[in-house]
Amino acid sequence: MNRVHVVKAILWALVGLSLAVAINRFAFGLGATTNLTDATPWGLWIGFDVMAGVALAAGGFVITAIFYVMRRKEFHPMVRPAVLTAFLGYVAVVFSLMVDLGLPWNIWHMIIFWNPHSPLFEVGWCVMLYTSVLLLEFSPVPLESSSRYAKIRDFLMKFRFPLVLLGIMLSTLHQSSLGSLFLIMPFKLHPLWYTPLLPILFFISAVGLGLMMVSLENLVSSWIYKRPPETHLVAKLGKAAVWVLSIFLIVRFVDLAITGKLALMVEGTWEGFLFIAEILIMAVIPILLFAVPKTRNSLAGQWTGSFLVVFGAIFNRVNVGGLTMLSTSGDSYFPSWMELSISLGIVSFMVLVFLFAIEKFNIWENRPTEEESDPHASPHFSRAGEVWLGAPAVAGRTRYSFAFVVALAIGFALIPGKKIRSGGVADVPTVAARGGDTLFVDGNRDGYGVAFKHQFHEDTLGREQSCVLCHHMNMPQDKNSGCFHCHRQMYVAADAFRHEWHGSPSGANVACSECHADNMNRTATSAKTCESCHTDLVVPGATVTVEQYLAPAYTDAMHAMCIGCHREVAAEKPEKEAIVLCANCHSSAGPEYLRADVLERLKRTEFNHVVLPGLSLEQVE
């Protein structure tokens, strides 16, 4: 089996494995496949697939700018592969987003419900438009194989230069806006990475990465098809990368020096080691390699330099995308093997499409041919069965199908049975929160939740007078009833009145006539009020008015109660603006003295997934 067949068989196996996991993810939800938590909602799929994926596709706008705008005609052999790689990269980003979004069927909302003040809105629109532009840029290539589409191809060719300019503009916008996303996270992102210059740094690094991604793609595809790489062009791209990466380093370190953060590199923290490793891999070593003409023109130097830049840039995006936030959130996260397989599967599928395009269309000046496609060649027998699998195309499909099906079966076999169950919005009865001065609320039963500082809130909000700010109802003949008594379901509303229990002989055994008058329809509005019997039901001075006895879900009630107060505090005290962030409450595991209790509960539960209903704006307000 030649090199092309081996590579394709491995890629098809990875696609098969990821398909099994993808079916599991869409059937049973994110919790069945990921190690994400409330404290770490962004993991590998955002850090690698989206953040790094968009950056890896930067080669498209970089090479088209060099060829069309700078008029460097010698780079013509690299234009088509670069545009195709960029297009497939953005399609991969869309696939990844569909997997990562909790409610992927709402992905179209960005098109209708505009939020022009959000960087994410700009990134989303730019990615959508740029993907369309790349499709139009590349479309003439497959269309040229048939004269039937000649008019369409000629029409697209007339607008190629405006499309190139539009693509460069859109890329510039969203490559930098990806950095803008993190400007709202000064309290989470480590200071070595947080800077107001993040948009500029993201753009400069994307240009450097684009140069090296095109180089690496040229080297890898040439190796697969045993074709001489364009080393003279790769060397020129390496020389340009020296300037771009040097500018990146200068901006990076001048900013750190001005803001007084340079010392953080050598404090011995793991973030400091991460930063040093990132800078060495992404910029310093490649600059040294490509600055020397001998290594810049050597195949080994080009492989090493381009790989280091690509790997280092991915490392940078993963660090910014979440890895360096873990110390702030107090959480720990490592992607599950299922998350890794999804990422590898999406990348593998896009590489297969790339190889298909190379073999079927005029991406290169000469299409690669099969070594065994010569009709006079001797039949090639497989090593495993010593049988002839047929012509190269037929033999290839047989091998790829076998690899795909076997990997698909292995994927289903490896998926933990404990996780593959779901009932949509799960029926999760609430229980009393653990703790005393600090209460630990663990709705997902996964060991992570909200450590609510009850005593702290009482002390800072007026001591005994503070109780009525939250507590608004008591169970009959009770005082200081807990929230869970009425909000009895974690994710759906519950009947706090319990009509059937009141009429049941095993319950309150109350006759209908005691609440409903004989001459009136027996409805909720015609019945006596609860307070007429339970005079101690409503807490005197309560600030929350109860209008009905359909208690909202526990999570909705707590969010509505806490977020409103936190917003008021953030508005009144600018120094406490972080109090409104989700991570302020969903920050860590439970208090140390409750860890054993929480772990004991986890042993008795299979619940590790939930599809949360959307929290409406009215509920939050």
Side-chain angles (χ1 to χ4, degrees), residues 11 14-15 18-19 21-26 29-30 33-34 36 41-61 82-115 118-139 142 163 166-167 169-178 181 202 206 209-210 213 217 314 317-318 321-322 335 338-357:
L11 294 173
L14 291 173
V15 172
S18 67
L19 180 62
V21 177
I23 292 173
N24 182 57
R25 177 261 174 269
F26 286 109
L30 285 173
T33 51
T34 73
L36 298 174
W42 283 10
L44 177 72
W45 291 339
I46 291 296
F48 173 73
D49 297 11
V50 178
M51 303 292 297
V54 169
L56 289 172
F61 87 90
V83 173
L84 176 60
T85 304
F87 173 65
L88 295 177
Y90 279 92
V91 174
V93 169
V94 175
F95 279 5
S96 302
L97 273 177
M98 294 294 289
V99 175
D100 186 76
L101 291 176
L103 303 174
W105 47 88
N106 288 339
I107 194 171
W108 57 272
H109 278 200
M110 188 177 293
I111 302 174
I112 305 298
F113 306 110
W114 284 31
N115 182 11
S118 167
L120 192 59
F121 172 80
E122 182 198 337
V123 172
W125 264 96
C126 282
V127 168
M128 283 190 292
L129 294 175
Y130 187 48
T131 306
S132 304
V133 168
L134 286 171
L135 177 63
L136 295 175
E137 275 189 62
F138 183 72
S139 293
L163 286 173
L166 181 61
M169 182 191 72
L170 292 170
S171 297
T172 304
L173 287 172
H174 72 258
Q175 292 287 358
S176 57
S177 294
L178 276 175
L181 288 179
F202 263 53
L209 175 60
M213 185 62 200
E217 171 264 312
I314 294 173
R317 296 302 193 265
V318 171
M338 291 183 280
E339 292 175 76
L340 291 167
S341 68
I342 287 281
S343 298
L344 289 174
I346 292 175
V347 173
S348 299
F349 184 72
M350 294 305 155
V351 174
L352 284 169
V353 176
F354 181 83
L355 298 181
F356 173 82

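Of all heavy-atom pairs between M110 and G124, the closest is SD-CA, 3.4 Å. Between S18 and I342, the shortest heavy-atom distance links the atoms O-CD1, 3.6 Å. The nearest pair of heavy atoms linking G59 to A82 is O-CB, 3.9 Å. Of all the heavy atoms in G60 and Y130, the pair that sits closest is C-OH, 3.9 Å. Scanning all heavy atoms of the two residues, the minimum distance from S177 to P119 falls at O-CB, 4.3 Å. Taking each heavy atom of P335 and L44 in turn, the nearest pair found is CB-CB, 4.0 Å.
Annotation: side chain of L355 is in contact with side chain of L11 (closest heavy-atom distance under 4.5 Å). Contact check for I46 versus M51: side-chain heavy atoms found under the 4.5 Å cut-off. Side-chain contact between L178 and V54: present, with at least one pair of heavy atoms (C-beta onward) separated by less than 4.5 Å. Side-chain contact between F48 and V347 is present, with heavy atoms from C-beta onward closer than 4.5 Å. You'll find the side chain of M169 reaches within 4.5 Å of the side chain of L166, heavy atoms only.
Atom CZ of F26 is separated from atom OG1 of T33 by 9.0 Å, given to the nearest 0.5 angstrom. Rounding to the nearest 0.5 angstrom, the gap separating the CG atom in L170 from the CE atom in M128 is 11.0 Å. The CD1 atom of I346 sits 5.5 Å away from the CG atom of D49 when rounded to the nearest 0.5 Å. Residue L134 holds its CG atom at 9.5 Å from CG of L88, rounded to the nearest 0.5 Å. We find the CD1-CG distance between I314 and L56 to be 4.5 Å, quoted to the nearest 0.5 Å. The distance from atom CE of M350 to atom CZ of F95, rounded to the nearest 0.5 Å, is 4.5 Å.
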> Going through the distances and angles, do D100 and V50 end up as a side-chain contact (heavy atoms from CB on, under 4.5 Å)?
Replying inline: CA-CA 10 Å; D100 186 76; V50 178; over 6 Å; no

> Where do V123 and V127 land on the side-chain contact (heavy atoms from CB on, under 4.5 Å) test, with the steps shown first?
Replying inline: CA-CA 6 Å; V123 172; V127 168; 4.1 Å; yes

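More than 12 heavy atoms of other residues, nucleotides or ligands shown are found within 6.0 angstrom of CZ on F138. Remark: F354 CZ is packed, more than 12 non-hydrogen atoms of other residues, nucleotides or ligands lying under 6.0 Å away.
Relative orientation of the W114 and F121 rings is tilted, given thresholds of 30° and 60° on the angle between their planes.
A side-chain donor-acceptor contact under 3.5 Å links W45 to the backbone of E339.
Taking the six-membered ring wherever Trp is involved, the centroid distance between the rings of H174 and Y90 falls below 6.0 Å.
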